[in-house]
Amino acid sequence: MAKTVQTASGKIEALQQESRAEIKSIADPDALEEFRVKWLGRKGILTDVLRSVSKAPPEERAALGKAANQVKATLLEEIEAKKIEFDANKGKVKHATATSAASFSTTATATVDFSLPGRVPPRGHLHLITQVTDEIVDIFSELGYQVATGPDIETEYYNFDSLNTPQDHPARDSHDTFYVKPGDVLRTHTSPLQMRVMEKVKPPVAVIAPGRVYRVDYDASHSPMFFQIEGLLVDEGVTFADLKGTLHHFIHKLFGKDVKLRFRPHFFPFTEPSAEVDILWTAKDRNTGETKSQWLEILGCGMVHPEVFRSAGYDYERYSGFAFGLGIDRIAMVKHSIPNIHYLFENDLRFLEQF
Ligand code: DAH
């Protein structure tokens with residue numbers, strides 16, 4: 001009895017050795033499939049053996065079945081290992097022709113090419129105008145200024161009257177100002193914030209007020225909507241020297257400490273004396289590539305007019321102050337050599353992504 005088992009299991013062992021030797025020499029997926037059919041297919045050698053187990057004497061069945069199933073399991077494992085090996089090699093060939101990289105892993109995980117650069121998901125960022133606004137606000141925040149905001153639709157009182165603008169001032173003309181309805185305008189500057197702030201708080205005052213402003217204007221350097229930032233500082237004993245010192249600090253922080261600036265006498269109804277500030281800016285000419293320096297006007301400023309203090313209910317004998325206003329778009333354009341203001345508002349990502 002034992003002898004039969006020995007013979008039967010001996011046969012199984014022989015089959016195992018034979019199949020193992022055979023699979024070792026298999027070099028391509030087609031041959032592997034042939035091999036699988038030959039051994040494990042419906043009429044396969046091992047399938048036959050497994051079938052014959054049921055015909056063996058009952059006392060031998062268990063041992064035979066176990067041995068045959070073990071061979072089958074081993075064969076399946078080896079077939080699987082070969083498949084993975086073939087797949088990996090496929091990856092290797094593809095990879096090598098694509099990038100001619102020298103080293104490549106041939107382990108089971110090699111079909112995932114870890115050397116490929118990852119896919120970077122697109123990522124948004126703040127609009128250039130917002131970036132420049134934040135930069136300016138940060139500079140003044142460090143000096144103790146607080147941020148104030150006000151409405152885009154403003155009364156003529158805040159936009160003009162309270163700022164000492166005469167009734168016949170050309171800026172009031174409908175050719176320059178958008179009238180929403182009689183008495184209400186789209187604010188033409190951020191200066192109304194001066195009055196709105198002073199009405200609410202007593203000196204000392206140090207505020208910075210960014211926002212949209214509107215004017216009837218359209219060309220390469222003017223847009224009907226653009227951005228300004230207003231500054232106001234009021235206290236006892238504030239002088240023009242404080243204004244100059246503050247703006248020097250600001251400009252040097254924003255444009256670099258080598259930038260020269262000059263104060264040019266000017267006129268604004270709400271400041272006296274008033275000035276415009278120019279910076280000596282050096283940039284590469286887009287067309288010729290030459291670097292050239294030129295004076296560029298970047299802001300208006302002055303000492304707050306006593307009439308403005310009177311409208312605010314401030315004692316103009318006791319307090320003095322300075323104010324300034326600048327175009328954020330203009331600053332952005334100068335800093336980044338942007339030739340046309342409309343690029344900032346067309347929302348073309350090819351442009352915006354550069355900043
Ligand atoms: N509001 C002026 C404008 O829109 C700019 C300006 C000039 C603001 C002088 C000021 C200032 O506060 O003092 O052109």
Side-chain angles (χ1 to χ4, degrees), residues 133 136-137 140 145-150 152 154-166 169-173 175-178 185-198 205-217 221-235 238-247 250-251 261-279 296-309 311-312 314 316 319-331 333-334 341:
T133 307
I136 297 172
V137 167
F140 283 99
Y145 285 67
Q146 295 196 321
V147 175
T149 54
D152 286 23
E154 198 43 287
T155 60
E156 273 192 82
Y157 173 76
Y158 283 113
N159 198 78
F160 295 124
D161 305 341
S162 71
L163 294 171
N164 196 34
T165 313
H169 194 281
R172 291 188 186 243
D173 200 289
H175 291 291
D176 293 315
T177 300
F178 290 107
V185 299
L186 290 181
R187 65 179 175 195
T188 59
H189 50 181
T190 43
S191 302
L193 263 303
Q194 293 186 25
M195 192 53 58
R196 286 187 172 275
V197 168
M198 286 193 281
V205 169
V207 290
I208 195 91
R212 290 172 194 271
V213 298
Y214 306 82
R215 284 182 202 174
V216 184
D217 221 344
S221 48
H222 295 94
S223 154
M225 186 284 299
F226 58 106
F227 290 82
Q228 280 192 341
I229 199 156
E230 191 80 11
L232 174 72
L233 182 124
V234 183
D235 202 352
V238 177
T239 69
F240 201 92
D242 296 316
L243 171 60
K244 285 188 86 171
T246 304
L247 292 181
F250 164 61
I251 300 289
L261 55 158
R262 71 178 181 196
F263 286 69
R264 222 173 354 88
H266 201 75
F267 173 82
F268 296 104
F270 35 88
T271 42
E272 182 59 35
S274 306
E276 274 189 341
V277 174
D278 304 332
I279 59 168
L296 296 176
E297 178 221 316
I298 58 153
L299 62 82
C301 63
M303 301 305 290
V304 179
H305 198 292
E307 270 305 312
V308 174
F309 278 150
S311 297
Y314 276 17
Y316 56 81
Y319 296 112
S320 58
F322 62 72
F324 56 89
L326 55 112
I328 297 172
D329 332 70
R330 178 140 178 90
I331 300 282
M333 288 168 75
V334 169
I341 191 171

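Just the heavy atoms: all of them, side chains too, but no hydrogens, waters or symmetry mates, feed the values below. Counting starts at 1 for both ligands and their atoms, following the listed order. Bear in mind that the values here come from a model prediction, so they are computed numbers and not experimental data.
Checked against a 6.0 Å centroid threshold, the rings of Tyr316 and Phe309 do not count as neighbours. Ring centers of His189 and Tyr214: at least 6.0 Å apart, outside the cut-off. Two rings, from Phe268 and Phe324, have their centers 6.0 Å or more apart.
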I'd like the atom pairs linking ligand 1 to the protein - N or O on both sides, separation under 3.5 Å - with distances to 0.1 Å.
{"unit_1": "ligand 1", "atom_1": "1 (N)", "unit_2": "His189", "atom_2": "ND1", "d": "3.0"}
{"unit_1": "ligand 1", "atom_1": "1 (N)", "unit_2": "Ser191", "atom_2": "OG", "d": "3.0"}
{"unit_1": "ligand 1", "atom_1": "4 (O)", "unit_2": "Arg215", "atom_2": "NH2", "d": "2.7"}
{"unit_1": "ligand 1", "atom_1": "4 (O)", "unit_2": "Gln228", "atom_2": "NE2", "d": "3.1"}
{"unit_1": "ligand 1", "atom_1": "12 (O)", "unit_2": "Gln194", "atom_2": "NE2", "d": "3.1"}
{"unit_1": "ligand 1", "atom_1": "12 (O)", "unit_2": "Glu230", "atom_2": "OE2", "d": "2.6"}
{"unit_1": "ligand 1", "atom_1": "12 (O)", "unit_2": "Phe324", "atom_2": "N", "d": "3.3"}
{"unit_1": "ligand 1", "atom_1": "12 (O)", "unit_2": "Phe324", "atom_2": "O", "d": "3.4"}
{"unit_1": "ligand 1", "atom_1": "13 (O)", "unit_2": "Ala323", "atom_2": "O", "d": "3.1"}

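Evaluation of the side-chain hydrogen bond (donor to acceptor under 3.5 Å, both in side chains) rule for Thr155 yields no partner, not counting sequence neighbours.
In this structure, Phe140 and Tyr145 have perpendicular ring planes: the angle between them is above 60°, well past the 30° mark.
Proximity of a side-chain donor or acceptor of Asp242 to a complementary backbone N or O of Thr239 within less than 3.5 Å is detected.
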